[in-house]
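For reference, positions follow the sequence shown, starting with 1.
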Amino acid sequence: MNISSLWLTPPDISIVLTGLTFEEVLVKLDIHTFIDRLFPFAWPDQTQTQQALVQTGICTTTESSLLSITAAGALMLARDLAIFPRLYHAAPQVIRYAGADRLNVADRTTFSQGFLLALPRLVDHLTAILPRARSAQSTPTSFAPAVPTDAIRELAANTLIHQDLTARDAHPTIELFPDRIELTNPGPLPMEALRIADATPLPRNPQLSQLAKQLNLTGTTHDAGWINVIDALDQAKLPAPSIESIGTTTRAALYLPLPYREQSPEARRRACYWHACAQYQHGSSATNASIRERFDLPATSAAQVSRLLRDCVTAGILRPARARSSKRNTSYLPYWA
C-alpha cells in the first residue's frame, strides 16, 4: 500500500491510498453506513458493494484489480482520517470559549471521522453545549437549543464540503462564543457574499459535493442550503446570519437570541435582505407585514419597519417591487432580482 504524495489532480478525486483488497477497504472506511444510505431496503453482496464504491467515486480500481480510495471517499467515510495523513487537516474542530474573545478556551474537540459519520456527532455536540431557549417551535414548558439544529447542520456541512483541501495548515473550525457560533473554512467564497442565496453553485470540490448529495449528508431533500438556514432562523425569530470572505478563508456566523431593540442597524438590515432573498426564492416578496412577523413585532411597529425598509433601499440591498397606494403594502425584492 502506498500513500499518494502529490495532488496532481483536483484534491477531492486524488488517490490517497492504493493497492487495497476489498477487505482492507472495509477496515479503512465505514462501508456499513455507505450501504445504509444507498441501499436502505436490501443489503447488497460484495460485488454489488464494490461496484457502488467505484460508481460513486469513493474508490477506483487498479490494473491488478485491487482498489484505491479517493480523497472524496476517505473524507466522507473514513473510520479515522488519521489513517490518511494528507487529509487529517480537513477534520473539523469545535472550540468553545469562556468569553467573547479567543483568549480563554473552555474546550476543544476534533471530529476525525469521515464527514458522513462526523457531522451528526458534531451537531449533537454543539446542541448539547449551546444555551437553551424557548423558541418559536417550542412548547411553553420545553426549551430547545438557542440556535436551530437545521441551521447548524447546513452551515457545518458547507464548512466541511467547501473547504480548500490544498490548505493543509488549517482545520475547518466551529467556534462557540457566548453570543454566536462562527464557522470558518480554508478558501474564500467563489462569489460575492450577498449573492450566495441565488448564485449558481460553484463547488470547490465537485466530487465531494456530488458524493455529499448522493449520500444525503445533511438529510435535506433539496439543494438550497443557505435558504434553508434563512428559513430556520426566520421561523425562530433569531438574528440573521452573516457570511464573508476574510483573506483566504470563509467565515459564517449564527447568532444567539437577541431582542430587536438590541440589534444593530446593520444586523436589522441584514435580516431584511436575507428575508427578501428567501421570499424571492419561494416565489414571493418581503413586505412590511412579513418583516414585522420575521422580527416578532406588533402591528404598531409598522412605521418603524417602514423606516427600516427605506434604509435598506437607500443602502442598495432592496428595491421596491412595485408602487402601491401605501408604503406599508409595498413589496420588496433583493437588489439583484
(request) Considering non-hydrogen atoms only, spot the tightest contact between Phe84 and Ala78 and give its length. (result) CE1-CB, 3.7 Å
(message) Under a 4.0 Å threshold between the charged nitrogen and the carboxylate oxygen, would Arg270 count as salt-bridged to Glu266?
(response) yes
(message) I'd like to know if Arg121 pairs up with Asp124 as an ion pair, taking the criterion as any Lys NZ or Arg NE/NH1/NH2 lying under 4.0 Å from an Asp or Glu carboxylate oxygen.
(response) no
(message) I'd like to know if the side chain of Asn185 pairs up with that of His171 as donor and acceptor (distance under 3.5 Å, no hydrogens or angles considered).
(response) no
(message) Do Thr62 and Ser64 pair up side chain to side chain, a donor and an acceptor below 3.5 Å, judged on atom types alone?
(response) yes
Go through the structure and list residues passing side-chain contact (heavy atoms from CB on, under 4.5 Å) with [X], not counting sequence neighbours.
X: Ala170; value: Pro186
X: Trp336; value: Arg195, Asp198, Tyr273, Cys277, Tyr280, Gln281, Pro334
X: Ala72; value: Asp12, Thr70, Gln207, Leu208, Leu211
X: Asp234; value: Ile230, His275, Arg294

Cut-off 3.5 Å, no hydrogens considered: what does the side-chain donor-acceptor table look like for residues 95-104, sequence neighbours left out?
residue	atom	partner	partner atom	Å
Arg96	NE	Asp107	OD2	2.9
Arg96	NH2	Asp107	OD2	2.5
Tyr97	OH	Glu175	OE2	2.6
Asp101	OD1	Leu103	N	3.1
Arg102	NE	Glu175	OE2	2.8
Arg102	NH2	Glu175	OE1	2.9
Arg102	NH2	Glu182	OE1	2.7

Partner of [X] by side-chain contact (heavy atoms from CB on, under 4.5 Å), out of [options]:
X: Met76; options: Ile58, Leu116, Thr56, Thr33; value: Leu116
X: Pro172; options: Leu183, Asn158, Thr159, Thr249; value: Thr159
X: Ile291; options: Ser306, Ser301, Cys272; value: Cys272

Indicate, with yes or no, if [Y] and [X] share a hydrophobic cluster defined by side-chain heavy-atom contacts under 4.5 Å among Ile, Leu, Val, Met, Phe, Trp and Tyr.
X: Leu117; Y: Leu29; value: no
X: Phe177; Y: Ile174; value: no
X: Leu26; Y: Trp43; value: yes

In a table with atom names and distances, give each donor-acceptor pair under 3.5 Å that connects a side chain of residues 251-261 to protein atoms at least two apart or in another chain.
residue	atom	partner	partner atom	Å
Arg251	NE	Thr184	OG1	3.0
Tyr255	OH	Ser242	OG	2.9

